[in-house]
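When reading the values below, keep in mind they use all heavy atoms of this one structure, side chains included, and skip hydrogens, waters and symmetry mates. Every number for a ligand or one of its atoms is a count from 1 in the order of the listing.
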Amino acid sequence: MVCLIVFVAALGALLEQANSERRAETHSKEIVLVSNDVSKHLLDVAQSVIALNTFQNPIVYNKFKESLSVTKTGIANLKTLTANDKDKRKRMKRISALGDKALSFIETYGENAYTGNTGANFTVFKTELKAAYNPFISELHDLAEQEKKLTANAEINERQRTKKLNTFLTIGVSIILLCMFFASMYIKWIIGRLRLMMSNAKLLARKEPLHSPVRGSDEIAELDGVFHEMAEALLAAEQRKQEFISTTCHDLRSPLANIQVSLALAAKGKYGELNDKGVERFAKAEQSIDRLIQLLNELLDAEKMEAGILELEMEEFDLAEAIEISVDSVKTLADNSRVTLEINDTSSCKVNADKARLIRVIVNLLSNAIKFSPAGTAVNVSVQKEGTVYDVRITDQGRGIAPVDREKIFDRFHRVSENTGPSGIGLGLTICKKIIEAHGGSIGVDSTVGSGSTFWFRLNAP
Ligand code: ADP
């Protein structure tokens, strides 16, 4: 920027100098021109006087007067042109005085010659005229010569200046190009650092380790330092939250399990006979405790998966077997909801996966499908092999899921906005997603509101 300002200022100064010299040159040329004109007109005046001496003719007289006037105007112009320069002004004063003397002498003689009243010998007049005329012409000539010299010098200067200007422009443009190159490198460097920060922000959102801090001591490095500190603080807070949830869940689980056992024993009459109402109440209380323990387990698992400490126990097994076990475990729920379970041909679908966790996914998807299916409808399970991928689909004829909720239902604690179905805390699908992704697979849903949904997950064949 500074280079650019210096360059423009120097260029401006050079151009200004060139302009002022060009003006001076034009001025000199004008002086030369007017001087030559004055000399020429003075010659005309002299010729007219000689002619008047012989013919007292009005035409010659008029020509004489006209030339005289033009010469006077020329001298006045010269005075104006030299007014701004002290030396020239002084010189012009002298020239003008000589001119006035010569012109006044010629004018008087001319008037007398026209009226035939010269009274003097013409030869004498010519000698006197020469004496008045020559110093004036000689001074005028000198003035013109001096201005010619100035013009010639100005031309030489002009050539030198053009050369200088060319060199200056070449150097200046090179410097500007160099500055632009460095500026673009600098901008690239800044953008690179900003990109690194953007990438850090994405990594933080994915809870992945950040890039090492941006080096330097400028604002970007400072901002990145603050970002790293914030990320560490967030990580620490997340850790504290996980610790809190896991201790609370563990602390709650044992007493709840004790209560569950006591309720089960009481319902079985271990602590004395209960009437039918009592048995029913105790059984419901036991179910509620069971559900509470299940929720705590889900919460614990979700936290573990969120923290990335999900360890898979991989084994090779047939998907058909996992589906069968899952269907068996939701059979009572399906019967109670009067929903039929249909299994399409699922034979010989070998996968390498954590069996217990995969069963958990299928059970979760099946339970949801049953929960949201109207009585008298069917839930269908199918497996298809597409290339090297197994595509497991669980289809229901329930209320369906609106497009706005389809992506979000896999997020933690997300339940659809108009949830009219059975209550839950919105962790089931999050756990399913984590388990499938931990296997390198993908999970999703296709749905038409009012017609039903198909939850699917895809796993690679071994
Ligand atoms: P929840 O414990 O609340 O069931 P999920 O993560 O399993 O949590 O499900 C999240 C939400 O997705 C549910 O509350 C429900 O609104 C919606 N959902 C899940 N499965 C289905 C389905 N088969 N049909 C309609 N809605 C469903």
Side-chain angles (χ1 to χ4, degrees), residues 245 249 252-253 256 287-306 310 323 326-327 329-344 356-383 391-439 441-458:
I245 290 178
C249 287
L252 281 175
R253 251 190 337 188
L256 281 174
Q287 275 172 18
S288 299
I289 297 290
D290 189 49
R291 174 132 189 82
L292 265 179
I293 292 173
Q294 226 176 336
L295 282 180
L296 286 176
N297 285 340
E298 277 187 2
L299 205 57
L300 257 176
D301 283 354
E303 282 308 316
K304 270 191 201 157
M305 288 171 195
E306 197 66 25
L310 178 70
I323 289 172
S326 310
V327 167
S329 70
V330 294
K331 186 109 185 61
T332 321
L333 180 68
D335 288 346
N336 290 343
S337 310
R338 290 202 291 116
V339 172
T340 327
L341 293 171
E342 294 170 354
I343 306 176
N344 281 18
R357 289 214 161 90
L358 212 58
I359 289 175
R360 187 164 176 191
V361 171
I362 302 168
V363 167
N364 206 314
L365 297 180
L366 278 173
S367 313
N368 277 351
I370 295 166
K371 277 194 274 179
F372 293 99
S373 287
T377 59
V379 168
N380 182 281
V381 189
S382 70
V383 185
D391 187 11
V392 181
R393 301 186 151 253
I394 291 149
T395 306
D396 65 58
Q397 294 153 24
R399 61 174 195 195
I401 300 165
V404 65
D405 287 310
R406 272 175 223 163
E407 278 297 314
K408 294 185 193 153
I409 51 172
F410 292 95
D411 294 344
R412 296 168 99 204
F413 306 117
H414 186 88
R415 309 192 70 236
V416 300
S417 32
E418 289 165 29
N419 210 347
T420 50
S423 62
I425 56 168
L427 273 176
L429 289 178
T430 313
I431 293 171
C432 292
K433 191 173 183 220
K434 294 275 174 199
I435 293 175
I436 295 298
E437 283 177 354
H439 282 83
S442 56
I443 188 166
V445 60
D446 302 326
S447 183
T448 310
V449 177
S451 302
S453 316
T454 297
F455 278 84
W456 52 261
F457 65 86
R458 294 180 186 129

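- Between the side chain of Arg406 and the backbone N or O of Ile401 there is at least one donor-acceptor pair closer than 3.5 Å.
- Checking side-chain atoms of Thr454 against main-chain N and O of Ile394 turns up no donor-acceptor pair under 3.5 Å.
- For ligand 1, the atoms sitting less than 4.0 Å from at least one non-hydrogen atom of Leu427 are 6 (O), 8 (O), numbered in the order shown with element in parentheses.
- With atom 16 (O) of ligand 1 as the reference point, the heavy atom nearest to it among Lys433, Arg399, Gln397, Glu298 is part of Arg399.
- Atoms of ligand 1 found under 4.0 Å from any heavy atom of Ile409 (numbered from 1 in listed order, with element): 12 (O).
- Atom-to-atom distance recorded for Ile370:CD1 and Thr340:OG1 is 10.0 Å, nearest 0.5 angstrom.
- Heavy atoms of Leu429 found under 4.0 angstrom from ligand 1 belong to the backbone as well as the side chain.
- Checking Asn380 against Arg393 by side-chain atom types alone, no donor-acceptor pair falls below 3.5 Å.
- Those atoms of ligand 1 with a heavy atom of Ala369 less than 4.0 angstrom away are 23 (N).
- Of the possible polar contacts, none joining the Asp396 side chain to the Val379 backbone as a donor-acceptor pair under 3.5 Å is found.
- Near Lys371, meaning under 4.0 Å from any of its heavy atoms, are these atoms of ligand 1: 4 (O).
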Let's go through Arg360 and Asn364 carefully: what are the C-alpha distance in whole Å and the side-chain angles of both, what is the deciding distance for side-chain contact (heavy atoms from CB on, under 4.5 Å) to 0.1 Å, and is it a yes or a no?
CA-CA 6 Å; Arg360 187 164 176 191; Asn364 206 314; 5.5 Å; no
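- Residue contacts with ligand 1 do not include Phe410, since none of its heavy atoms lies under 4.0 Å from the ligand.
- Looking at Asp301 and Lys434, no side-chain N of the basic residue comes within less than 4.0 Å of a carboxylate O on the acidic one, giving no salt bridge.
- Residue Leu365 does not touch ligand 1, judged by heavy-atom distances below 4.0 Å.
- Here's the thing with Thr430: none of its N/O atoms is less than 3.5 angstrom from an N/O atom of ligand 1.
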